[in-house]
Amino acid sequence: MSILWVILGFILLVVGGEYLVRASVALSFKFNISKMVIGMTVVSFATSAPELLVSLQAALSGSPAIAINNVVGSNIANIGLVLGITALVGPIAVDQSFYKLNWPVMMVFSIALFYLLNNDSILSGLEGGVLCIGLVVFLVVLIRNAKKETVAEEVDDKLAEVSNIKIVLWLLIGAAALYFGSEWLVDGSKAIARAAGVSEAVIGVSLIAIGTSVPELAASIIAAAKQEKAISLGNLIGSNIFNIASVLGLTAMVKPIHITEPQILSNDIFWMLGFSAVLLPLIFIPKRMQISRFKGFFLVLGYAAFMIMVFTHK
């Protein structure tokens, strides 16, 4: 039965990713802002919803290791697994906004999370509020910068004529499909993992993290296949920022998150920082300003090494 829920979850997540991509491209016409920004706001928020729900539930039910490891593992999976596989589908072009704003902000939030957790092994409500405020400031700067730009990327012109009602409907369908798909996938994965005698920490950083990253994987692969590469990259960077700032931020505001598993600070979070940091040099080595198939393979290989470490050292 657990396997059936996993399969149904995957199907719903693919459907949800399809509708979110359609809606986000249509929105880029309506508001005359870049697809990169749409990917980092609308799509990122919707695809981060599963992480938020899982982390909230875990924290409230007394499983803080799942709450933290879900986000840390998800951020690792977004870059190593999702971005890597998306690049294998087709090379991803990178624009200047990546290293001028998006990547630095992701690194600031990632380092801030490490500092806040390492300081006293707890993410308090006040610290969660600071993360949320930081996210609001980032979004304001992002949207102001975007309105100075024009949408130059080639997209399906028919989406410019889509009605507002249809866009809202697509967003609702996409969000609902992602929500139920992620729930079923996570529940099925947890049942399978526990039957195999795996700990909560491993479940959080591996199966649950991968499960809640499937929306990003579905949305990014579909976007890449449709040549919407700006959305693919923007969605992933945005999701990592949202995961730290909104998911952990809001969760900590509801209930402070205590570190109960030492490997989170001694190991897992350094993998997250490493995967985030390696993106910058990757875009400057040949081919410049592009994440090629070879670089994608390198990221997937790194993620495979991380998963081997998780299951052999915990």
**Student:** What is the distance from atom CE of M106 to atom OG of S276, rounded to the nearest 0.5 Å?
**Tutor:**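 Atom-to-atom, M106:CE and S276:OG are 4.0 Å apart.
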
**Student:** Grab the two heavy atoms, one from A277 and one from M107, that are nearest each other, plus how far apart they are.
**Tutor:**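 Here A277 and M107 meet closest at N-SD, 3.7 Å.
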
**Student:** Would you say K100's side chain and D95's backbone share a donor-acceptor pair under 3.5 angstrom?
**Tutor:**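 It does not hold such a pair.
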
**Student:** Is any side-chain heavy atom of L83 closer than 4.5 Å to one of L279?
**Tutor:**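 L279 reaches L83 side chain to side chain.
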
**Student:** Just how far is it from atom CG of L207 to atom OG1 of T212, taken to the nearest 0.5 Å?
**Tutor:**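 The distance works out to 10.5 Å.
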
**Student:** Would you say M309 and N267 make side-chain contact, with heavy atoms under 4.5 Å?
**Tutor:**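 Of all side-chain heavy-atom pairs linking N267 with M309, at least one is under 4.5 Å.
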
**Student:** Decide yes or no for Y303 and I210: does some side-chain heavy atom of the first lie under 4.5 Å from some side-chain heavy atom of the second?
**Tutor:**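 When only atoms from C-beta onward are counted, I210 and Y303 do touch, with a gap below 4.5 Å.
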
**Student:** May I ask whether V136 and V130 are part of the same hydrophobic cluster, defined by side-chain heavy atoms of I, L, V, M, F, W, Y residues being less than 4.5 angstrom apart, directly or through others?
**Tutor:**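 No; tracing contacts between hydrophobic side chains, which count when under 4.5 Å, never links both residues.
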
**Student:** Between K295 (side chain only) and I285 (backbone N and O only), is there a donor and an acceptor less than 3.5 Å apart?
**Tutor:**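 Checking the backbone N and O of I285 against the side chain of K295, a donor-acceptor pair under 3.5 Å is found.
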
**Student:** Can you name the nearest heavy-atom pair linking V247 to N243, along with the distance?
**Tutor:**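 It is CB-O, 3.0 Å.
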
**Student:** Measure the spacing between CD1 of I283 and CD of Q290 and express it to the nearest 0.5 Å.
**Tutor:**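 Going from the CD1 atom of I283 to the CD atom of Q290 covers 11.5 Å.
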
**Student:** Any side-chain heavy-atom pair from L52 and S246 closer than 4.5 angstrom?
**Tutor:**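 L52 does not reach S246 side chain to side chain.
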
**Student:** So if you build clusters from Ile, Leu, Val, Met, Phe, Trp, Tyr with side-chain heavy-atom gaps below 4.5 Å, do L60 and I122 land together?
**Tutor:**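 As far as the 4.5 Å side-chain criterion goes, I122 and L60 are not connected within one cluster.
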
**Student:** Please evaluate residues F275 and F306 with respect to the criterion ring pair (Phe, Tyr, Trp, His ring centres under 6.0 Å), reporting the C-alpha separation (whole Å), side-chain torsions for both, the decisive distance (0.1 Å), and the verdict.
**Tutor:** CA-CA 10 Å; F275 270 99; F306 169 67; 7.0 Å; no

**Student:** Flag yes if more than 12 heavy atoms outside F298 fall under 6.0 Å of its CZ atom; otherwise flag no.
**Tutor:**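 No, not enclosed.
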
**Student:** Do F294 and I291 belong to the same hydrophobic cluster, where Ile, Leu, Val, Met, Phe, Trp and Tyr are linked whenever their side-chain heavy atoms lie under 4.5 Å apart, directly or via other members?
**Tutor:**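 No, separate clusters.
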
**Student:** Side chains of L12 and L178: does their closest heavy-atom pair fall under 4.5 Å?
**Tutor:**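 Side chain of L12 against side chain of L178, heavy atoms only: no contact under 4.5 Å found.
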
**Student:** If you count the non-hydrogen atoms of other residues, nucleotides and ligands that lie under 6.0 Å from CG in L4, is the total more than 12?
**Tutor:**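 Result for CG/L4: enclosed.
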
**Student:** T251 and S55: side chain to side chain donor-acceptor pair (under 3.5 Å), yes or no, with the steps?
**Tutor:** CA-CA 7 Å; T251 300; S55 291; 4.9 Å; no

**Student:** Do F138 and F109 have ring centres separated by under 6.0 Å?
**Tutor:**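 No - the distance between ring centres of F138 and F109 does not fall below the 6.0 Å cut-off.
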
**Student:** Look at the side chain of R293 and the backbone N and O of V89, then say whether any donor-acceptor pair between them is shorter than 3.5 Å.
**Tutor:**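 Yes; at least one donor-acceptor contact below 3.5 Å.
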
**Student:** Is there a donor-acceptor pair under 3.5 Å between the side chain of N70 and the backbone N or O of E51?
**Tutor:**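 Here the side-chain-to-backbone pair exists.
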
**Student:** How close do P256 and S124 get, counting heavy atoms only, and between which atoms?
**Tutor:**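 Looks like CB-CA, 4.3 Å.
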
**Student:** Which is it for F180 and L8 under the side-chain contact (heavy atoms from CB on, under 4.5 Å) test, yes or no, and what are the steps along the way?
**Tutor:** CA-CA 9 Å; F180 288 108; L8 290 174; over 6 Å; no

**Student:** Using the rule given for side-chain contact (heavy atoms from CB on, under 4.5 Å), can you reason through F242 versus L139, listing the C-alpha separation, both sets of side-chain angles and the distance that settles it, and then say yes or no?
**Tutor:** CA-CA 10 Å; F242 269 79; L139 291 179; 4.2 Å; yes

**Student:** What's the shortest heavy-atom distance between A191 and S2, and which atoms?
**Tutor:**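 Between these two residues, the closest heavy atoms are CB-OG, 3.2 Å.
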
**Student:** Can L171 and L27 be said to form a side-chain contact (heavy atoms from CB on, under 4.5 Å), step by step?
**Tutor:** CA-CA 10 Å; L171 285 173; L27 278 172; 4.2 Å; yes

**Student:** Is it true that atom CZ of F297 has more than 12 heavy atoms of other residues, nucleotides or ligands lying nearer than 6.0 Å?
**Tutor:**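 Atom CZ in F297 is not packed in, count stays at 12 or less.
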
**Student:** Measure from the side-chain N and O atoms of W184 to the backbone N and O of I7, and report whether any donor-acceptor pair falls under 3.5 Å.
**Tutor:**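 Not confirmed, W184 side chain does not pair with I7 backbone.
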
**Student:** Quick check: are there more than 12 heavy atoms from other residues, nucleotides or ligands sitting under 6.0 Å from CZ of F114?
**Tutor:**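 Yes, enclosed.
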
**Student:** Are V82 and T86 close enough, and set up right, to give a side-chain contact (heavy atoms from CB on, under 4.5 Å), and what steps lead you there?
**Tutor:** CA-CA 6 Å; V82 180; T86 304; 4.2 Å; yes

**Student:** Could you tell me if the side chain of M272 sits less than 4.5 Å from the side chain of L113, heavy atoms only?
**Tutor:**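 In short, these two side chains touch, coming nearer than 4.5 Å.
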
**Student:** Nearest 0.5 Å, please: how far is CG in N75 from CG in D268?
**Tutor:**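 Going from CG on D268 over to CG on N75, the span is 12.0 Å.
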
**Student:** Rounded to the nearest 0.5 Å, how far apart are CG of N78 and CD1 of I241?
**Tutor:**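 The CG atom of N78 sits 11.5 Å away from the CD1 atom of I241.
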
**Student:** Quick one: does I208's side chain get under 4.5 Å of N69's, heavy atoms only?
**Tutor:**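 No - every pair of side-chain heavy atoms lies 4.5 Å or more apart.
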
**Student:** Just wondering, are more than 12 heavy atoms of other shown residues or ligands nearer than 6.0 Å to NZ in K166?
**Tutor:**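 At most 12 heavy atoms, drawn from other residues, nucleotides or ligands, come within 6.0 Å of this atom.
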
**Student:** Starting at CD1 of I68, measure out to OG1 of T260 and round the result to the nearest 0.5 Å.
**Tutor:**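 The CD1 atom of I68 sits 9.0 Å away from the OG1 atom of T260.
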
**Student:** Looking at every non-hydrogen atom in both residues, tell me the closest pair between S110 and L273 and how far apart they are.
**Tutor:**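 Here S110 and L273 meet closest at CB-CD2, 3.6 Å.
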
**Student:** What is the minimum heavy-atom distance between L123 and A252, and which atoms define it?
**Tutor:**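 Looks like O-CB, 3.5 Å.
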
**Student:** Side-chain heavy atoms under 4.5 angstrom apart, residues restricted to Ile, Leu, Val, Met, Phe, Trp, Tyr: same cluster for I167 and L172?
**Tutor:**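 No; L172 is not reachable from I167 via cluster members.
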
**Student:** Spell out, yes or no, whether I111 and V108 are grouped together once hydrophobic residues are joined by side-chain heavy atoms under 4.5 Å, including indirect joins.
**Tutor:**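 Each belongs to a different hydrophobic cluster.
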
